Amino acid sequence: MSAMNTASGYMNRMYPNKLYGQYGSTYRSGLGYGSGGYDSRTNGRGWMAVDSKYKPRGRGNGLYGYGNESMDGLNELNRGPRAKSSKNTKEISPVALAVKGQNIPLSGTDDNEKEKSSVTPDLEEYNRPDFPETYSDAKFFIIKSYSEDDVHKSIKYNIWSSTPNGNKKLDAAYQDAQQKPGGCPVFLFFSVNTSGQFVGVAEMVGPVDFNKNVEYWQQDKWIGCFPLKWHIVKDLPNSSLKHITLENNENKPVTNSRDTQEVKLEPGLAVLKIFKDHTSRQCILDDFDFYEDRQKKIQEKKARQQQFQKQAQVWEGKSAEEKSNGEVASELDKEAASNVPTENSSVLKPADGVVANVVANS
């Protein structure tokens with residue numbers, strides 16, 4: 001603690017008032033710079049088995065206790081709030097205390113409900129009974145995500161981005177499929193690391209644009225993206241797929257696949273049929289409002305970090321004399337502000353009678 005206090009004191013001297021003071025809590029909590037930062041994992045998108053025996057770091061210590069969250073609750077989540085409600089048949093409902101003379105609504109306002117309904121996709125767009133499950137030719141790949149936040153963005157914007165190698169692999173498969181007569185769709189089975197489940201099926205509907213980047217992923221390192229169409233959105237537990245093994249992956253269960261692992265036609269069609277036939281009471285759409293709120297907070301957090309970094313770069317570019325003058329000016333501003341009388345400050349005022357006598361004698 002003493003070391004941290006010393007560091008904070010040093011930073012306060014280094015970045016006075018207007019530059020650093022606003023972001024002091026950001027530095028002290030290590031947002032974006034410590035192990036809980038956005039780019040803290042650099043091994044690519046999804047290099048863990050879906051049913052890994054290792055528990056995700058931070059489980060039980062997050063805001064809801066179902067993901068890998070830091071103190072601000074904005075690190076990767078492998079599952080949203082529905083994961084908690086699935087374990088408890090009795091879900092916790094909002095409670096409002098009745099106060100005499102006050103009307104307290106138990107649910108959100110009409111405006112909030114309208115906003116939520118306009119953001120959350122229509123469930124009828126997915127899991128359609130007429131979605132075909134048999135194909136004479138098709139390509140299948142496993143997609144692994146670090147967080148369910150990114151799956152939320154993928155469904156919201158109909159887009160995805162993999163690692164550089166993953167993008168090349170998927171783009172090559174899409175280009176090859178386009179050359180085949182009679183059509184050859186490229187399907188992607190989505191899962192989140194250590195979640196113990198798959199969350200949906202999407203189809204590539206365009207090539208990878210290696211020069212296009214988007215800013216709303218949970219981490220900022222994904223380069224390039226490609227368009228998708230989501231067909232199935234439902235939670236499918238790994239236990240429903242463990243019996244399907246992949247000859248092209250040492251006969252391991254499909255649930256032990258890495259990101260962009262290809263699934264051959266026969267096992268791919270088997271997974272697709274299980275996905276379609278599975279009856280699930282939950283899916284990521286249940287948590288869409290939750291992830292919408294997280295997206296806004298993450299964007300605000302990134303904007304604060306970028307502003308702080310820009311101001312820090314400007315400060316570092318100043319000469320020692322300019323920094324010294326800046327500190328002196330900051331101290332003078334403080335002193336001047338402290339001497340300005342306020343409405344509540346105790347300043348002696350002349351009585352009304354004294355003012356009247358002065359005016360009369362003038």
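Source: prediction; values computed, not measured. For this chain, numbers begin at 1 and follow the sequence in order.
With 3.5 Å as the limit, one finds no donor-acceptor pair spanning the side chains of Trp217 and Ser147. Side-chain contact of Asn251 with Thr245: a donor-acceptor pair under 3.5 Å is absent, judged by distance alone.
Side-chain contact between Ile142 and Asp259: absent, with no pair of heavy atoms (C-beta onward) separated by less than 4.5 Å. Between Pro253 and Leu241, the closest side-chain pair of non-hydrogen atoms is not below 4.5 Å. The shortest distance between side-chain heavy atoms of Asn158 and Pro227 does not fall below 4.5 Å.
Closest approach of Leu77 to Asp149, counting heavy atoms only: N-OD1, 4.0 Å. Pairing each heavy atom of Gln261 with each of Asn249, the nearest pair is OE1-CG, 3.6 Å.
Annotation: ring pair (Phe, Tyr, Trp, His ring centres under 6.0 Å) contacts of Phe288 (sequence neighbours excluded): His152. Listed by chain and number, the residues in a side chain to side chain donor-acceptor pair (under 3.5 Å) with Asn211 amount to none (sequence neighbours excluded). With sequence neighbours excluded, the residues satisfying ring pair (Phe, Tyr, Trp, His ring centres under 6.0 Å) with Phe140 are Phe187, Phe189. Remark: Asp293 pairs with Lys297 by the side-chain contact (heavy atoms from CB on, under 4.5 Å) rule, at least two apart or across chains. By the side chain to side chain donor-acceptor pair (under 3.5 Å) test, Lys180 pairs with Asp137, sequence neighbours left out. Residues passing the ring pair (Phe, Tyr, Trp, His ring centres under 6.0 Å) test with Tyr157, sequence neighbours excluded: Tyr216. When the side chain to side chain donor-acceptor pair (under 3.5 Å) test is applied to Asn248, no partner is found at least two apart in sequence or on another chain. When the side-chain contact (heavy atoms from CB on, under 4.5 Å) test is applied to Ile223, the partners found at least two apart in sequence or on another chain are Asn213. Legend: residues meeting side chain to side chain donor-acceptor pair (under 3.5 Å) with Lys212, ordered by chain and number and at least two apart, are absent. Shown here are the side-chain contact (heavy atoms from CB on, under 4.5 Å) partners of Pro207, two or more places apart in sequence or in another chain: Asp171, Tyr174, Gln175.
Judged purely by atom type and a 3.5 angstrom limit, Lys169 uses its side chain to pair as donor or acceptor with the backbone of Thr260. A side-chain donor-acceptor contact under 3.5 Å links Ser154 to the backbone of Ile159.
In this structure, the separation between OG on Ser257 and CZ on Phe141 is 12.0 Å, given to the nearest 0.5 Å. Taking NZ of Lys144 as the reference point, atom OG1 of Thr194 lies at 8.5 Å (rounded to 0.5 Å). Taken from CD in Gln282 to CG in Leu236, the straight-line distance is 13.0 Å, to the nearest 0.5 Å. How far CG of Asp209 is from CZ of Phe226: 12.0 Å, rounded to the nearest 0.5 Å.
Listed by first and then second residue, the salt bridge (Lys or Arg N to Asp or Glu O under 4.0 Å) pairs that reach into residues 227-241 are Arg82-Asp235, sequence neighbours excluded. Pairs of residues two or more places apart, or lying in two chains, that qualify as salt bridge (Lys or Arg N to Asp or Glu O under 4.0 Å) and include a residue from residues 155-166 are Lys156-Glu292.
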